[in-house]
J.: 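Let me begin by handing over the structure; questions about it come next.
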Amino acid sequence: MQYNSKVIEKVWQNFWREHKSFEPSEDFTKEKKYILSMFPFPSGRLHMGHVRNYTLSDAFARYYRQQDFNVLHPIGFDSFGMPAENAAIKNGSHPKKWTYDNIDYMKNEFYALGFSFSKERELATSDELYTKFEQAFIIDMYEKGLLYRKKGLLNWCPHDQTVLANEQVVEGCCWRCDTPIVKKDMNQYYFKITQYADELLSDLKKLEGGWPKQVLTMQENWIGKSNGLAFDMFFDDASLLKLQHSFKSFDVFTTRPDTIYGVSYTALAPEHAIVSYMITNALLPEDVIAQIKMMKTASSIERQKEKSGIALGLDVLHPLTGKKVPVWIANFVLMDYGSGAVMAVPAHDERDFDFAKKYDLPIHAVIKPFEGELPIDKAYTEVGELFNSGEFSGLNSKKSQYNIIKYFEENNIGKKTTNYKLKDWGVSRQRYWGAPIPFVHCADCGLVMEKKENLPIALAHDIEITGEGNPLDNHPTWKHCKCPVCGKDALRETDTMDTFVESSWYFLRFCASKANWEKEAFSKEQIAYWMGVDHYIGGIEHAILHLLYARFFTKVFRDLGYIQFDEPFLKLLTQGMVLKDGAKMSKSKGNTVDPDAIIAKYGADTARLFILFAAPPTQELEWNDSAVDGAYKFIKRFYERSAHVESTNTLPIIEHKALTKEEKFARKKVYEALVRANDVYTQKYTFNTLIAGVMEAMNALNAQNNLDVWSEGYWILSSVMEPVIPHVCWEISSRCFSRHNLGVQKVLDEVFQEESVMLGVSVDGKRRTEIEVDVDASEQNIKALALEKAAKWLEGLEVKNAILIPKKLVNIVTKG
RNA sequence: GCGGAUGUGGUGAAAUUGGUAUACACGCCAGACUUAGGAUCUGGUGCCGCAAGGUGUGGAGGUUCAAGUCCUCUCAUCCGCACCA
C-alpha cells in the first residue's frame, strides 16, 4: 500500500465536485455555522499566506460539517483595484482580462488544495451584478445623508495618481506602493463614518472575547475619542483692525482645561482660514508668506522632524484673565483635528514647551506636584495641584477640569466637546478599475443620483490605459449621458469607488443563494439565518481598514433596514505571517515558497498539515523544508498503517478490561486526541497540539497489535484529522469504513479509568522519584509509600509535612 | 514617546492555567535491514559530570509546601500608533 498523493487527491477532489459536497443547504431549521476567510485580491497566484488563511477556515468548515451543522464556507475575489491597472500599463493587457484570467488560475489552486468552498456562491466584486447592488446601496446612503461631496485637502499618491483615505496612509506613505503622499486640494466623495464614531467605539465592547484584544485596541486608538473643552479666542482691537474685521475670533479645543491659566500663546495650523485670508489679502510680508507656503507643502514626514513657527503679529485675549496672548502659526498644529488651532501651555505640554523654548516664549506654570519640586527643564504633564489659577487655585488638577468646563458653560464662553481622530472616509478614486460612482453632474440640477433601474453603471471596456489621467474621463463617449432628473445632456461622474467598499459588504452577499442573485442583493431571511459570521479569519493587516469599514457598513445597512444586527463578525482569528529565513516571504527577497510546487512535490494534505502543525495560527509561521518533509512522512505512515485496519461499518466494540497495558494505553491516547480535537476546533484553535495528540495516539497504536484497537483508532483519528488532511482521510475512511466514521464521535469515559497512577515524589519541591499507587489508595498509604521511597533523600532531615496532589504528586516538606 | 505582544533545548514548539518543565515534530547520534540510501524500522538526545549528583524556562528579587505560570524591578526582540492639543 503505497501512498500516492496525486492519485488520492484527484479522486476525492473529483468526488466532492461531482457530489457538490460543500454547498450549504437551504434548510434554515438546521443549526448553522458561517465560516469566512478574508477573500483575496486576484494577484495571479496564491502565496503561502493565502494557503494558511484558507487551510484554517477549511478546517473549521469541515469540522462543523462533521458535527452536522449547515455550513456556509464561501469564497470570492476582491477583484477591483490598482494592480490590475498597473499590469495593464506595464503589459498592455486589459484589466478585465488580467483579472479574470488570474481568478481562473487561482480557482484551480483552491481546488488543488482541497478547500471546501461553496462553488455556487463564488463571486468577483468586479462582476457587473455585484456593482449593480453596490451602486444601489450607494444611492441609499446618499439619500440618508451618509455620502457627500466636498472640496478638501486630500492625501494624494503621486505614483498611483489617486487620492487615499487617512487609513490608507501608512507612516506618511501610500499603503500600496510606499510613495510619500502629498496634500492636494480636490473634490472628493466622503462616507460619513464619523456619524458612527461613537457607536463604532462603544460596540467594540460587544466584540470582547471574540476578537483579539490587540485589534480592539487598534480600532479604539484609531477612532481616538477625546473629551475636552472648546472655546473662542477673541482678537484684541489692534488685531481686529489688522484683519479688517473679517474675523473676530477663532475656536480652540483642549483636553486640558485645567491648564487654562497657563496659556502663554496660541497656535494656528498653516492651513487655517485666518492664515489663508492674511495671505490672500497680502496682510503679511512676502518672505513670511513664502515661509508659510513652504510649511504647507512639506510632506508630513518633514513636518514632523522639527517644530517651527511664525508670529502673526496678532493677539487674542485670554478668556478668563483678559490678558493679551500672541498668535503664532505652528507646523505641528494639524488642520484636520479639532479646529486647527490650539491654546499653548508650555509649562504643561511637551510640544508647547519645545516650541516656547525655540522661540523664547513665556512659560507660566499653574500646576505643581503634590510632593516635590516642579521641574524647570521640561513640561510637567502629571496630575497636581493648581496654583496661579484664580478661583480654581488649590484644586486637584484632574478634578478641576470639571469645574472649569462648568464655569465656561455657565458663562457661555465655551462648552464641553468630544473630538475624534477618525475622519470621514474619502471614497473616490481617480482610477479606472473600480466601481463607478453612480452620480451625474447636470448643469441645471447639479449633482444628482442615477436612477436605480439604470444600474449598473458599468465601466467602459474600450479604453486606453496609459497611466496618464483617468481613462473614463478620457473616453470619447462614456461620460456623456442624460440627466436622470431633467433629461438634458449631462456628464457622469468619472471617479470610481475605493475598493474597500466592495469588501465592506461581500460577507452579506454570500448569504444570498444563487437562485436569487439577479433579483436581489440578499434577502432578510437569508441574512437573519446566516449572519453573523461565526469565524472570520484573516491577516492582522486588516485590523483597522477593512474591519472598521465593514463594521461601519453593517451599522449603515442596519439603519437602512436591510439587516438587524450591529456587528458582522462574532469571532475573529488573525493569523500570523508566513516567514522564510526569519523574514516575510517576498519576491524582492527571493525567499518565497510556491504553493503549486509544494502540492506537486508532496500533495495538498502535506502542505495543509505542515501549516497547521508548525505553529499556532496567531503566531508567525517559519517555513522549514525538512519539517515539511516530516509532515509528508507522517501522512505516508498514517496511510500505510491503515493496512492494519479491518473493514467495518461500525465502531468496534471492545472489552476494555480484557486488554493489555499497551492496548489500553493506545485507546486512551486515541480518545485523548478526540477530546482535544473538540476543544481545539471549538475553543482554542491550537491545531498544532491537536496534531501532536494524533501523532501520540499513532505512536501508541503502533506499540500494540490488537486489530480492534487499530480499527477503533483509525475510525476516530481519520475523522478527527479529516478537517486537516481531508484527502487521505476520505481515502482511508472510504476504504475501511465506507465513510461511516465521518461524523460526530462519542467519547468513551471507560478508557480514562485506570487502576493505578504514577505519582511524582518531591522533597521540598524538588522532584526525586516516583511511585505507582492504586487510584483508590488512601492518602495515608500514599504518603507512607512516598516517605519510604524517598527515604534516601530524607536522611538527617525532619519531615514536617507531606502534601498530596491527587493523581499528580506528593511533596514532602522538611524545612521550617 | 504611547499602546500591545513575545522571550522555554541545536530548531519549530508543548505544559490540563500554581502541581513530575521540554509533549509532538525537525535536526543530530547509534543500531538494524539493504548492492545502495537524502527510503524504512528500532533506540538515544536540555546542559555540566565517568558517576552519585548538580543545574536549568532572557536577567535580578519576592510570594508559596510547590512558580515557565502570580507580584516587583530590569533587559532584549517584534508589531501597531505616533506632534490628535
J.: Give a yes or no on whether a salt bridge exists between A:Lys358 and A:Glu306, defined as a side-chain N under 4.0 angstrom from a carboxylate O.
T.: yes
J.: Give a yes or no on whether a salt bridge exists between A:Lys213 and A:Glu208, defined as a side-chain N under 4.0 angstrom from a carboxylate O.
T.: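 No, this pair does not count.
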J.: To the nearest 0.5 Å, how far apart are OH in A:Tyr196 and CZ in A:Arg551?
T.: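 A:Tyr196 OH to A:Arg551 CZ: 13.0 Å, rounded to 0.5 Å.
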J.: Return yes if the base of B:rC65 and the side-chain atoms of A:Lys800 contain a donor-acceptor N/O pair under 3.5 Å, otherwise no.
T.: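 Such a pair does not exist between side chain and base.
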J.: Pull up the glycosidic torsion of B:rU11 and say syn or anti, syn being anything within 90° of 0.
T.: anti
J.: Considering only side-chain heavy atoms of A:Phe613, which listed nucleotide, B:rC24, B:rA21, B:rC26, is closest?
T.: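 Taking heavy atoms from C-beta onward, the closest nucleotide is B:rC24.
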J.: Give every pair of a protein N or O atom and an N or O atom of nucleotides 53-60 of chain B that lie under 3.5 Å apart, one pair per line with the distance.
T.:
{"residue": "B:rG53", "atom": "OP1", "partner": "A:Lys792", "partner atom": "NZ", "Å": "3.2"}
{"residue": "B:rG54", "atom": "OP2", "partner": "A:Arg768", "partner atom": "NH1", "Å": "3.1"}

J.: Checking understanding here: a glycosidic angle within 90° of 0 is syn, the rest anti, so what is B:rG9?
T.: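 Syn for B:rG9; the angle stays within 90° of 0.
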J.: Looking at A:Asp258 and A:Arg256, is there a salt bridge between them, counting it only when a charged N and a carboxylate O are closer than 4.0 Å?
T.: yes
J.: The side chain of A:Asn331 lies closest to which of these nucleotides: B:rA85, B:rA14, B:rC83?
T.: B:rC83
J.: Using the ring centroid of each side chain, check whether A:Trp425 and A:Tyr190 are separated by less than 6.0 Å.
T.: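 Centroid separation for A:Trp425 and A:Tyr190: 6.0 Å or greater.
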J.: Please map the stems of RNA chain B, keeping only stretches of three or more Watson-Crick or G-U wobble pairs with both distances under 3.5 angstrom.
T.: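 Only these stems qualify: B:1-7 with B:75-81, B:10-12 with B:24-26, B:27-32 with B:40-45, B:46-48 with B:53-55, B:58-62 with B:70-74.
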J.: On the nucleotide B:rA85, are OP1 or OP2 found under 4.0 Å from the side-chain N or O atoms that A:Ser226 carries?
T.: yes
J.: Using the P atom as the reference point in each nucleotide, state the distance between B:rC50 and B:rG9 in Å, no decimals.
T.: 24 Å
J.: Between B:rU42 and A:Asn702, is there an OP1 or OP2 to side-chain N/O distance shorter than 4.0 Å?
T.: yes
J.: Could you list the protein-to-nucleotides 44-50 of chain B atom pairs, N/O on both sides, closer than 3.5 Å?
T.:
none

J.: Mind checking what makes salt bridge (charged side-chain N to carboxylate O under 4.0 Å, His left out) contact with A:Lys783, not counting sequence neighbours?
T.: A:Glu779
J.: Quick one: is B:rC79 close enough that its OP1 or OP2 comes under 4.0 Å of any side-chain N or O from A:Gln214?
T.: no
J.: If you check the A:Asn624 side chain, which of B:rA85, B:rA25, B:rC26 turns out closest?
T.: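 Shortest atom-to-atom distance from the side chain points to B:rC26.
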J.: Output yes when A:Asp198 and A:Lys225 qualify as a salt bridge under the 4.0 Å nitrogen-oxygen rule, no when they do not.
T.: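 Counted as a salt bridge, because a side-chain N and a carboxylate O are separated by less than 4.0 Å.
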J.: Given B:rG80, B:rC81, B:rA85, which nucleotide is nearest the side-chain atoms of A:Tyr337?
T.: B:rA85
J.: Quick check: on RNA chain B, is the nucleotide nearest A:Arg256 upstream (toward 5') of the one nearest A:Asn221, or the reverse? Name the residue that is more 5'.
T.: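 With A:Asn221 and A:Arg256 compared, the 5'-side residue is A:Asn221.
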J.: With a cut-off of less than 4.0 Å, is there a side-chain N or O of A:Lys421 near OP1 or OP2 of B:rA85?
T.: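 For B:rA85, neither OP1 nor OP2 has a side-chain N or O of A:Lys421 closer than 4.0 Å.
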J.: Would you jot down, in residue-number order, the residues of residues 683-697 of chain A having a non-hydrogen atom under 4.0 Å from RNA chain B?
T.: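 Of all residues in residues 683-697 of chain A, the ones placing a heavy atom under 4.0 Å from RNA chain B are A:Asn688, A:Thr689, A:Ala692, A:Met695, A:Glu696.
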J.: Look at atom CZ of A:Phe332 and say whether more than 12 heavy atoms of other residues, nucleotides or ligands are closer to it than 6.0 Å.
T.: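 Atom CZ in A:Phe332 is packed in, count exceeds 12.
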J.: Please check the phosphate of B:rC41 (OP1 and OP2 only) for any side-chain N or O of A:Arg641 closer than 4.0 Å.
T.: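 Affirmative; the distance criterion is met.
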J.: Using heavy atoms to find the nearest nucleotide of RNA chain B for A:Ser626 and A:Asp629 separately, return the residue whose nucleotide is more 5′.
T.: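 By nearest-heavy-atom nucleotide position, the 5'-most residue is A:Ser626.
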J.: Sorted by first residue and then second, give each salt bridge (Lys or Arg N to Asp or Glu O under 4.0 Å) pair with at least one member in residues 679-699 of chain A; sequence neighbours left out.
T.: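 For residues 679-699 of chain A: A:Lys669-A:Glu696.
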